[in-house]
Amino acid sequence: MFAQIPKRVTVYEVGPRDGLQNESRMIPTAEKIAMIDLLSQTGLQQIEITSFVHPRWIPQLADGAQVAAGIKRAPGVGYSCLVPNRKGLDNALAVGMREVAVFLSASETHNKKNVNKTIAETLNAFEEVIGPAKEAGVRVRAYVSTVYGCPYEGAVKVEAVVDLVRELHRRGVYQISLGDTIGVATPIQVESVLSHVLAIVPREEIALHFHDTRGTALANVLVGLSLGISTIDSAVGGLGGCPYAPGASGNLATEDLVYMLNGMGIETGIDLDSVVACSERLQSWVGRELPSKYLKAALGAQARGPRRLSKVGG
Ligand code: HMG
Ligand code: MG
């Protein structure tokens, strides 16, 4: 099962975008900037910092331009943002973004609720983004949402996913992230979707994006790794969710993912303690406990202290 497992994995951090878009509390811009600056020091190579969408649709990220202008860009870290259309791209370019991500869903109803367009209209709108972005030297990633299930339509046909992957690949995005928007995927389903997708797109161009709503995210990641996938999306502390997908909850937590990858001897370049330190600060900013299991274990061990720990060991 593990013959194709990559030696190195890129952890694509989406907490500042996917995480904060779903927080009920409005996080001040300065705290978002501090969060991203902390993440930039953890060894992460990719951080999705915000969205340039309509502020009425996602008020939590209405300060995207100030966030992008305020962060300290660390060498070796790529910073990206979501853009749904040309207006979003122009706003992203105006603040010096060098990578953008377009997004659409494999199910019509979620797509309509999320971006107010049919899937075909959304693909057309990408024409105004992908070409101009690439001409400006900006990399374009794409997300396909509701790959494993839709909150409105239920089951999603693998053919619908494959058609979109083919279209996006043809349009020249550098990577396609397959989104389990509402966290319903299970390992055999992931294996089935990937076997179809990898028949048409090289595995280096596919990323996996799991929400951990039902606790299956890491099991699903393992299936992806076993098929040679080497980019996995996650969110610090397990923040996350899509406001237009009822029932969606946190992304796979970065700490949980990095702990598993480290334990398997897969290189990430990420310092786990620094991620935990960031999540600890975040808990006070978002005003709640974050769901990451590793975070809870690490903070619990810190609170118990070395004497209690050695007692447990002895
Ligand atoms: P619309 O109302 O249909 O837009 O919204 P429109 O094209 O008809 O324009 C209406 C007004 O919006 C105009 O302004 C435009 O200029 C303005 P007016 O003339 O009325 O003053 N407008 C914009 N303003 C700012 N930024 C823009 C923009 N575009 C148009 N980019 C739209 C269509 C796509 C804009 C809207 O539906 C939207 O912003 N949706 C965003 C939804 C979203 O961000 N959802 C969450 C992200 S997806 C996700 O979380 C899933 C993922 O994590 C993967 C997974 O988990 O599966 C990626
Ligand atoms: Mg998501």
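Remember, it's 1-based here, ligands and their atoms both numbered in the order they're listed. Source: prediction; values computed, not measured.
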Exercise for the section: Output yes when a side-chain donor or acceptor of Q66 lies under 3.5 Å from a complementary backbone atom of T29, and no otherwise. Expected result: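 Not a single qualifying donor-acceptor pair exists.
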Exercise for the section: Give a yes or no answer on whether the side chain of D212 reaches the backbone of G250 with a donor-acceptor pair at less than 3.5 Å. Expected result: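 Not confirmed, D212 side chain does not pair with G250 backbone.
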Any carboxylate oxygen within less than 4.0 angstrom of a Lys/Arg side-chain nitrogen, looking at [X] and [Y]?
{"X": "R166", "Y": "D163", "result": "yes"}
{"X": "D37", "Y": "K72", "result": "yes"}
{"X": "R281", "Y": "E31", "result": "no"}

Exercise for the section: Please answer: with hydrophobic residues joined when any side-chain heavy atoms are less than 4.5 Å apart, are F2 and L225 in the same cluster? Expected result: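 F2 and L225: one cluster.
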Exercise for the section: Sort by chain and number the protein N/O/S atoms found under 2.8 Å from the Mg ion (ligand 2). Expected result: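 Those protein N, O or S atoms (cut-off: under 2.8 Å from the Mg ion (ligand 2)) are D18 OD2, H209 NE2, H211 NE2.
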Handout entry: Stacked cation flag R17 on F103, 6.0 angstrom / 45 deg
Key =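 No, R17 and F103 do not form such a contact.
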Contacts table for ligand 1: protein N or O within a distance under 3.5 Å of ligand N or O, distances only.
{"residue": "ligand 1", "atom": "3 (O)", "partner": "N116", "partner atom": "ND2", "Å": "2.8"}
{"residue": "ligand 1", "atom": "12 (O)", "partner": "H54", "partner atom": "NE2", "Å": "3.3"}
{"residue": "ligand 1", "atom": "16 (O)", "partner": "K87", "partner atom": "NZ", "Å": "3.3"}
{"residue": "ligand 1", "atom": "26 (N)", "partner": "V53", "partner atom": "O", "Å": "3.3"}
{"residue": "ligand 1", "atom": "29 (N)", "partner": "N85", "partner atom": "ND2", "Å": "2.8"}
{"residue": "ligand 1", "atom": "31 (N)", "partner": "F52", "partner atom": "O", "Å": "3.0"}
{"residue": "ligand 1", "atom": "31 (N)", "partner": "N85", "partner atom": "OD1", "Å": "3.0"}
{"residue": "ligand 1", "atom": "31 (N)", "partner": "G88", "partner atom": "N", "Å": "3.4"}
{"residue": "ligand 1", "atom": "37 (O)", "partner": "N114", "partner atom": "O", "Å": "3.4"}
{"residue": "ligand 1", "atom": "39 (O)", "partner": "H54", "partner atom": "N", "Å": "2.8"}
{"residue": "ligand 1", "atom": "40 (N)", "partner": "N114", "partner atom": "O", "Å": "3.1"}
{"residue": "ligand 1", "atom": "45 (N)", "partner": "N114", "partner atom": "OD1", "Å": "2.8"}
{"residue": "ligand 1", "atom": "50 (O)", "partner": "R17", "partner atom": "NH1", "Å": "3.0"}
{"residue": "ligand 1", "atom": "50 (O)", "partner": "Q21", "partner atom": "NE2", "Å": "2.8"}
{"residue": "ligand 1", "atom": "53 (O)", "partner": "R17", "partner atom": "NH1", "Å": "3.3"}
{"residue": "ligand 1", "atom": "53 (O)", "partner": "R17", "partner atom": "NH2", "Å": "2.9"}
{"residue": "ligand 1", "atom": "53 (O)", "partner": "D18", "partner atom": "OD2", "Å": "2.9"}
{"residue": "ligand 1", "atom": "53 (O)", "partner": "H209", "partner atom": "NE2", "Å": "3.3"}
{"residue": "ligand 1", "atom": "56 (O)", "partner": "H209", "partner atom": "NE2", "Å": "3.0"}
{"residue": "ligand 1", "atom": "56 (O)", "partner": "H211", "partner atom": "NE2", "Å": "3.0"}
{"residue": "ligand 1", "atom": "57 (O)", "partner": "S145", "partner atom": "OG", "Å": "2.7"}
{"residue": "ligand 1", "atom": "57 (O)", "partner": "T181", "partner atom": "OG1", "Å": "2.7"}

Practice task
With K296 as reference, evaluate E289, E255, E280 under the salt bridge (Lys or Arg N to Asp or Glu O under 4.0 Å) test and give the passing residue.
Solution key: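 Only match with K296 under salt bridge (Lys or Arg N to Asp or Glu O under 4.0 Å): E289.
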Practice task
Assess the side chains of H209 and D18: does a donor N or O sit below 3.5 Å from an acceptor N or O?
Solution key: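 The criterion, which ignores hydrogens and geometry beyond distance, is satisfied for D18 and H209.
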